[in-house]
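Residue numbers count from 1 along this sequence.
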Amino acid sequence: MSEQFFESRWVTPPEGVEQLDPAQLAPGFEAGAVACGLKPSGNTDAAVVVARSQRCDSALLLTPNAAAAAPVRLCREVCDLGGIRAAAVKAGNANAATGEQGMRDAVDIQLAAAEELGLDRAQVAIAATGRIGEALPMERVLDGVRRASGAVRPDGGEEFARAIMTTDAFPKRCTVRCGGVTLSAQAKGAGMIQPGFATMLCFVQTDALVEEPEAALRPAVACSFERITVDGQMSTNDTVLLQASGESGLPLPEGLLDAVLLQLALTIVADGEGATRVGRIAVAEAADDAEAETVARAVANSPLVKTALFGGDPNGWGRVAQSAGMALAGAELPELGLDQIDVSEFAGEAPEVDLSLRLERGEGAAHVYFSDLGYEYVRINAEYTT
């Protein structure tokens, strides 16, 4: 295909990966999408993905946000996390901060999808993204969920990926094949990105045999979605779902899931509501890894550092020093200067920029990927209805 999925210099996919049409899902899976009126644009906003095989091993990771939305709380309470056959997703309304009515609506959506697909409700996850604190127009939503459930097909991946978008500038999806195994994935996200272990919404389907899906998913997420930030905000709705049918009878090739999720995560950062560049801050010689991550996130979330990245300011090292010092306030820290901080790649217009910081306090290390901060972020979030 002409469009290259693995485009970041920070992603190393396994050898022999073949890129396929992202509309075509992994064998045994189908998806569909319709418009039910949640998006003012009139674009598709209700989507369903389902495994047609009787066996489907799964793992579902959900936001730790204490104000989690009703779909997240319902999945925690009801879903068979290891045996999810389908997911019903709506975009344009998060069904968050909607009280008891929001939970009743979530239940009705799950039941409607389960009935239409012929599944037990515990086999159906639900997810949502969009505006917070608004009641759902349930008649339209239920109609949309039923129609999307009835419209699923093997080449519905592209429609599914577009339906789950909100402020995204483009769909984030892929289908790849490696070692006799096919893996497809769709994600959405552009703002409210600093997850605890997921980011916004991501759905992964594979015909690989994955006997311990959570053991496969958690480390892949830890190296991808846990490593990114756009604006330092944790969503109320973050969801990552891995479904494995096992139809190929083959295991996941080593590194395939990691590479796909990292590329999706970086694509989310690159689409960070007006973002023009992506940075990677690598902190070394911290007292321990936890300290390194604290400092890395302080740098990555600093508006001063992010605007320096946006402006291509080669003198942005002072802002890095300030952020690191703030993160370690009260600690003993050698004076930080150009011997410890490298922001030489800030200058110019390269879309991916490395910066590094040595703290000279120990052997801890961590890195975080982040977007720059420009005029468009303010415009988008000032005009977006919340």
Relative to F310, does K306 satisfy both conditions: NZ or CZ under 6.0 angstrom from the six-membered ring centre, and within 45 degrees of the ring's axis?
-> no
Side-chain donor-acceptor contact under 3.5 Å, T307 with R319 = yes
Distance from L74 atom CG to I126 atom CD1, nearest 0.5 Å?
-> 4.5 Å
Nearest 0.5 Å please: distance from the CG atom of L242 over to the SG atom of C202.
-> 9.0 Å
Between E352 and R277, is there a side-chain N and carboxylate O pair less than 4.0 Å apart?
-> no
Do V283 and I228 belong to the same hydrophobic cluster, where Ile, Leu, Val, Met, Phe, Trp and Tyr are linked whenever their side-chain heavy atoms lie under 4.5 Å apart, directly or via other members?
-> no
Audit row: S356, I281, side-chain contact (heavy atoms from CB on, under 4.5 Å) steps and yes/no = CA-CA 6 Å; S356 62; I281 169 65; 5.8 Å; no
Derivation of the side-chain contact (heavy atoms from CB on, under 4.5 Å) call for V204 and L261 = CA-CA 9 Å; V204 182; L261 294 193; 3.9 Å; yes
Do NZ/NE/NH1/NH2 and the carboxylate oxygens of R9 and D354 come within less than 4.0 Å?
-> yes
Is V107 linked to V141 within one hydrophobic cluster, defined over Ile, Leu, Val, Met, Phe, Trp and Tyr using a side-chain heavy-atom separation of less than 4.5 Å?
-> yes
Between T206 and F29, the two heavy atoms sitting closest are O-CE1, 3.4 Å
For the atom pair CZ (R280) and CD (E345), what is the distance rounded to the nearest 0.5 Å?
-> 9.0 Å
Between F203 and I164, is any pair of side-chain heavy atoms under 4.5 Å apart?
-> yes
R153: what forms a side-chain hydrogen bond (donor to acceptor under 3.5 Å, both in side chains) with it, not counting sequence neighbours?
-> D155, E159
Identify the heavy atoms of F6 and V11 that sit nearest to each other, and give their distance.
-> CD2-CG1, 3.8 Å
Verify, without hydrogens or angle tests, whether N43 (side chain) and A163 (backbone) share a donor-acceptor contact under 3.5 angstrom.
-> no
Indicate yes or no: at least one non-hydrogen side-chain atom of P253 is less than 4.5 angstrom from one of C178.
-> yes
Output the distance between atom CD (E212) and atom CZ (R218), rounded to the nearest 0.5 Å.
-> 13.0 Å
Please name the pair of heavy atoms, one in N237 and one in A96, separated by the smallest distance, quoted to 0.1 Å.
-> OD1-CB, 4.0 Å
Quick one: does V353's side chain get under 4.5 Å of F346's, heavy atoms only?
-> yes
Donor-acceptor pair, R85 side chain versus A51 backbone, under 3.5 Å?
-> yes
Mark yes when over 12 heavy atoms from residues, nucleotides or ligands other than E360 sit less than 6.0 Å from its CD; otherwise mark no.
-> yes
May I have the step-by-step check of side-chain contact (heavy atoms from CB on, under 4.5 Å) for T63 and T239, ending in yes or no?
-> CA-CA 6 Å; T63 181; T239 302; over 6 Å; no
Does any pair with a residue in residues 103-126 pass salt bridge (charged side-chain N to carboxylate O under 4.0 Å, His left out), and if so which ones, sequence neighbours excluded?
-> E100-R104
Does C79 reach the side chain of V124, with side-chain heavy atoms less than 4.5 Å apart?
-> no
Heavy-atom closest contact (T166 atom, K188 atom, distance) = OG1-NZ, 2.7 Å
A128 to K90 - nearest heavy-atom pair and separation | CB-NZ, 2.9 Å
Is it true that V17 and L250 fall in one hydrophobic cluster, defined by side-chain heavy atoms closer than 4.5 Å?
-> yes
Would you please name every residue forming a side-chain hydrogen bond (donor to acceptor under 3.5 Å, both in side chains) with E158, sequence neighbours left out?
-> R162, R173
Starting at SG of C75, measure out to CG of L61 and round the result to the nearest 0.5 Å.
-> 11.5 Å
Side chains of Q322 and L304: closer than 4.5 Å at any heavy-atom pair?
-> yes
Flag side-chain contact, heavy atom, 4.5 Å: I84 against L60 = yes
Before accepting this row, confirm whether a basic side-chain N of the pair E77/R73 lies closer than 4.0 Å to the acidic partner's carboxylate O.
-> no
Starting at CZ of R76, measure out to CG of L81 and round the result to the nearest 0.5 Å.
-> 10.5 Å
Residues 241-265 vs side chain to side chain donor-acceptor pair (under 3.5 Å), sequence neighbours excluded, gives Q263-T267
If we ignore angles and hydrogens, is there a donor and acceptor under 3.5 Å between the side chains of E3 and Q19?
-> no
Residue among R146, R147, R140 satisfying salt bridge (charged side-chain N to carboxylate O under 4.0 Å, His left out) with D143 = R147
With sequence neighbours excluded, what pairs up with Q123 under the side-chain hydrogen bond (donor to acceptor under 3.5 Å, both in side chains) test?
-> none
Using the six-membered ring wherever Trp is involved, compare the ring planes of Y369 and W10 and label them parallel, tilted or perpendicular (cut-offs 30° and 60°).
-> tilted
So, T276 versus D372: side-chain donor-acceptor pair below 3.5 Å or not?
-> yes
E226/V368 under side-chain contact (heavy atoms from CB on, under 4.5 Å): CA gap, chis, key distance, verdict = CA-CA 8 Å; E226 279 193 348; V368 172; over 6 Å; no
Taking all heavy atoms of L241 and all of A87, pick out the closest pair and write down the distance.
-> CD2-CB, 3.8 Å
So does K172 pair up with D271, basic N to acidic O under 4.0 Å?
-> yes
Backbone N/O of A70 and side chain of N95: donor-acceptor pair under 3.5 Å | no
Listed once per pair and sorted, the side chain to side chain donor-acceptor pair (under 3.5 Å) pairs that draw on residues 324-338, sequence neighbours left out = none
Between Q205 and S184, do the side chains contain an N or O donor and an N or O acceptor separated by less than 3.5 Å?
-> yes
